[in-house]
Amino acid sequence: MRKELEKQYDPKRVEDRIYQSWLDGNYFHAANDPQKTPYTIVIPPPNITGQLHMGHALDNTLQDIIIRWRRMQGYDALWLPGTDHASIATEARIAATLRAEGTSKNELGRERYLERAWQWKEQYGGRIVEQLKKLGSSCDWERERFTLDEGCSKAVTEVFTRLYDKGLIYRGERIINWCPSCLTSISDAEVEYEDQAGHLWHLRYPLKDGTGHLDLATTRPETLLGDTAVAVNPGDERYKDMVGKTVILPLVGREIPVVADDYVDMEFGTGAVKITPAHDPNDFEVGLRHNLPVVCAMTDDAKINGDYPKYAGMDRYAARREIVKDLEAEGALIKVEDHAHNVGTCSRCKTTVEPKVSVQWFVKMEPLAGPAIDAVKNGETRFVPQRFEKIYFNWLESIRDWCISRQLWWGHRIPAWYCDGCGAINVAKETPESCRECGCADLTQDPDTLDTWFSSALWPFSTLGWPDDTDDLRHFYPTNTLVTGYDIIFFWVVRMMFSGVEHMGKAPFDTVLIHGLVRDAQGRKMSKSLGNGIDPLEIVDKYGADALRFTLATGNSPGNDMRFSDEKVEASRNFANKLWNAARFILMNLGENEPAPRVPTGLSTADKWILSRYNTLAAEATENLERFELGIAVQKLYEFIWDVFCDWYIELAKISIQQGGDAAVTAKGVLVYVLSNTLKLLHPFMPFITEEIWQTLPHEGETVMLSPWPVYDGSLHFAEEEAEMERVMAVVRAVRNRRAEMNVPPSKKAKLYIATAYRETFAAAETMFQKLAGASEIEVGGAFELDSTVSIVTNEAKVYIPMGELIDLETERLRLQKELEKAEKELSAVQGKLNNESFVAKAPEAVVAAQRENAARIEGKIGMLKESIAKL
RNA sequence: GGACGUUUAGCUCAGCUGGUAGAGCAUUCGCUUGACGUGCGAAGGGUCAGCGGUUCAAGUCCGUUAACGUCCACCA
């Protein structure tokens, strides 16, 4: 006996040790070998504030499967890892820490604050990376990057200045989404809309000339403080005479005009709308068209500002209650209706976003969007599944300019300096000495930083060294596959696409593989607030990383959500254990110093059958991987290993091993060969257990993860033997089935008389029937005349078991009768087809031929069944 | 308002380019079978959401309806 494995696979004893051995071997490192074809995946950089969740686990498992497979195929496979500085999230985290210490961002000042932030990053920023390692991720850690590191920052500055010089970045006063809690602007993509129950307040604004009043409806009465007009539809007969007149704003007393604008929907409310340019994006547009003043009524933290002493300092909701009360007292409130409406919230903190007019930096999107759309239209980049192209196009086609400045400190500071003298904007890569307009030296840098996504947009090339012309950049760009969830297409994929096309002249990847969300067992989204999140590390701890990976890969089709449950992981764990025990059996039968696996000589039918099945598996699994059908590939591996290799071939091999001699040697050789190669096929999915087993088997090379990926081998294709085996297996199954039906204990053996046209095949399978079908012996012939037997009919054989005493003749007759009816029904279905002239004429010949054979087989079966019934 | 997805065995889901429905779990029956009870052998269970169409042939393609879900837009 060579080596003894434990009876049960224990991932805890294996995983960390194996991972360390891979690191020690430097196996994850992509050499940048010009002789090899590169295959590149850049990781979607997790936030440094992040904790590994199921979404990460899925995303990274898929990437690791792909990169391990490509690496084994001989590509110069690079999986480039890194993390994102996550400006808002990190600031929130640090703010909380500072609050606990009784201090604040402003108290510390920018410099000391940033020191703290970096400290925080050093302390916690690597946590998620360590967690990724637990999954077995084969990232090239030597190339690990951070969006705020020197190189990435250089890329950011380069891009900013380039786009500014091209006129694609500008600074201007616009209405933007403002988060009153994060105290920063956010982009359109960062706003989440949710339905909320609210009210529609009907208000009455009196006309200045005393001739009447104008009624209007609003969901936000408190913004009345900032009203600078009332608008009606120009085609609205009701208000025709009002346009151009002046109304008096209740509570405030401001005189504001009535304007006509197409924006107003006559059907809604009263057909008149209050216009608050400072606090509503649509109103802002109306304001621009009519030259209305912009009156801001709120502070940055969404409180009423000092211009309105009565309400000053109240937050927007308190002010709303107060203002409604006052309006009512003044008689300006006509009625209140219930009204559900969509409210924009900050995707980071869920606070209701406040539209706000302010000076910000923007990227002009239209010139960038076009080429990015083209890159997908012309096939340079494709989405898997393809339907996500639509989402991509839709977003880019209706894109608005991207607000990129953030009122935060943790991030890339905007490389713009304002001249204290002439006010000119100086955008430069380095701090300028003097103003380029007036030459004076008093310059102040813009205090804002850039949207986190501005730097992640450059990730596929900034991480490879851009803007420098590096070897890595030349070799690994464009990358191959981007793996990410559909929830991040707008934030990230779109921005990487237009950035890559703009700055590199090439789209950043050829394939975008989109996966869905991992939901809980009830199909709910996993979330912190629901508390239904499942911690992947707990799963790893309990079942092993391989079981987790296997679960995530199985039954997961691109783009679709999946449910996660412990039962599924248990099934995966059981599979790992099954494989482990198969290996254990094989090792128990191997001697010392066995040579590396190769196909032995003197193959039996069973040997050829399993080799041929394995060979097909290798071809099919590869094809599935190429099509990104990882779930199908892994399903096939599961089925082959469990149902084909373990349940059949190992049982058959036991027979040969017991026989000893050459048969035993050959069978052992085949066992090792097939197992060893199957381990390779399974390795990308279950890297740890496959490595552990592979190492204990005779092998060539240091590690399974660098062993060559199995390819289809024509010399292992044995169609005839496959057919022969399947014939015998069908009969074995049928006999087992009958015995089970009749409750024959396994210990009760019986002779089998097998009538068949394939006499040699069955005669050679006697031991198989003895071991697997409860046969004492078999006799094979063309036909038998026997009394009092149980008979079993398959398409290719009729089996008699002399066990008449065990059964009731009448039950047997009924059973056979039932089978006969079934067969006749089948036959008539097939004959119906064959009698259909258009089927015979139009269906492919092979299909027709198959049906003819089918008919012949069923006819044979019917004949045998009739004979059996007659005998009873 | 627009777009998309899902609907297949009791549950969770596969089913690629159309050729007589599959898996895991659950259920039932039988097994100290020399790798594994995290196992072995077997069984039951589906008019593939409804309707219409294309085709010799439809779970698979087209149209339509319904339920559920998601995204986008948004009228105060």
Side-chain angles (χ1 to χ4, degrees), chain A residues 5 7-9 193 200-201 216-220 223 230-231 263-276 280 282-283 286 339 341-342 385 387-388 390-391 394-395 398 486-487 489-490 516-517 521 523 525 543 547 554-557 559-565 567-568 570-589 620 623-624 627 629 631-632 635 638-639 643 646-647 650-651 654 658 733 736-741 743-747 771-774 826 829-830 833 836-844 846-848 850-851 854:
Chain A
L5 297 183
K7 201 167 172 181
Q8 287 189 348
Y9 175 59
Y193 289 90
L200 200 54
W201 283 273
L216 49 81
T218 179
T219 53
R220 299 198 59 195
T223 61
V230 174
Y263 154 73
V264 182
D265 177 359
M266 293 191 282
E267 307 297 316
F268 191 90
T270 65
V273 190
K274 63 195 256 333
I275 300 296
T276 324
D280 182 279
N282 292 307
D283 292 6
V286 175
H339 180 69
H341 60 143
N342 253 350
R387 63 173 190 269
F388 288 98
K390 251 185 184 167
I391 293 179
N394 187 278
W395 172 261
S398 57
Y486 55 69
D487 51 335
I489 293 176
F490 304 135
L517 264 38
K525 217 165 163 171
Y543 301 99
T554 304
N556 182 20
S557 51
N560 288 357
D561 291 354
M562 68 181 302
R563 298 188 193 202
F564 191 92
S565 66
E567 292 82 67
K568 289 185 186 178
E570 269 172 39
S572 305
R573 187 264 326 260
N574 295 352
F575 174 61
N577 196 51
K578 183 75 183 173
L579 176 65
W580 181 256
N581 276 288
R584 188 163 159 256
F585 168 76
I586 293 169
L587 283 163
M588 280 168 53
N589 286 288
E620 288 185 0
E623 200 180 318
N624 289 131
R627 295 187 194 157
E629 295 162 354
I632 296 175
Q635 188 59 47
Y638 178 94
E639 200 183 301
D643 303 340
C646 290
D647 288 349
I650 288 186
E651 295 310 317
K654 283 176 185 172
Q658 245 174 23
R733 284 196 197 98
R736 283 169 168 175
N737 178 338
R738 271 313 270 136
R739 291 177 57 108
E741 257 175 51
N743 286 319
V744 182
S747 51
K771 294 285 177 186
L772 305 181
E826 255 179 83
V830 174
K833 273 192 184 178
N836 182 340
E837 276 176 39
S838 33
F839 171 74
V840 180
K842 292 185 180 172
V847 173
V848 179
Q851 290 300 340
N854 209 356

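These numbers were taken from a predicted model, which means no experiment stands behind them. Proteins get letters first, then strands, A, B, ... in listed order; numbering begins at 1 in each.
- Side-chain nitrogen and oxygen atoms of A/S557 include at least one within less than 4.0 Å of the OP1 or OP2 phosphate oxygen of B/A14.
- When distances are taken from the side chain of A/P844 to each of B/G19, B/C4, B/A76, the shortest belongs to B/G19.
- Cation-pi geometry between A/K578 and A/Y638 is not met at under 6.0 angstrom from the ring centre and within 45 degrees of the axis.
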For nucleotides 42-48 of chain B, tabulate all protein N/O to nucleotide N/O atom pairs closer than 3.5 Å, reporting atom names and distance.
unit_1, atom_1, unit_2, atom_2, d
B/A43, OP1, A/N737, ND2, 2.9

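- Judged as a side-chain hydrogen bond (donor to acceptor under 3.5 Å, both in side chains), and not counting sequence neighbours, the contacts of A/E629 are A/N624.
- One donor-acceptor pair, N or O on each side, does fall under 3.5 Å between the base of B/U20 and the side chain of A/N854.
- A gap of 36 Å separates the C1' atoms of B/A14 and B/U32, to the nearest Å.
- Taking 4.5 Å as the limit, some side-chain heavy atom of A/V848 sits within range of a side-chain heavy atom of A/F839.
- One can place CZ of A/R627 at 10 Å from P of B/C16, the figure rounded to the nearest angstrom.
- In this structure, the side chains of A/I275 and A/V286 come closer than 4.5 Å at one or more pairs of heavy atoms.
- Taking atom P in both B/G5 and B/U47, one finds a spacing of 26 Å when rounded to whole Å.
- The A/R387 side chain lies nearest to B/C4 when the options are B/A73, B/C4, B/A76.
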At under 4.0 Å between heavy atoms, which parts of nucleotides 33-39 of chain B does protein reach? Answer with one letter per nucleotide, 5' to 3': B base, S sugar-phosphate only, - none. --BB-BS

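- Distances shorter than 4.0 Å separate some side-chain N or O of A/K390 from OP1 or OP2 on B/C4.
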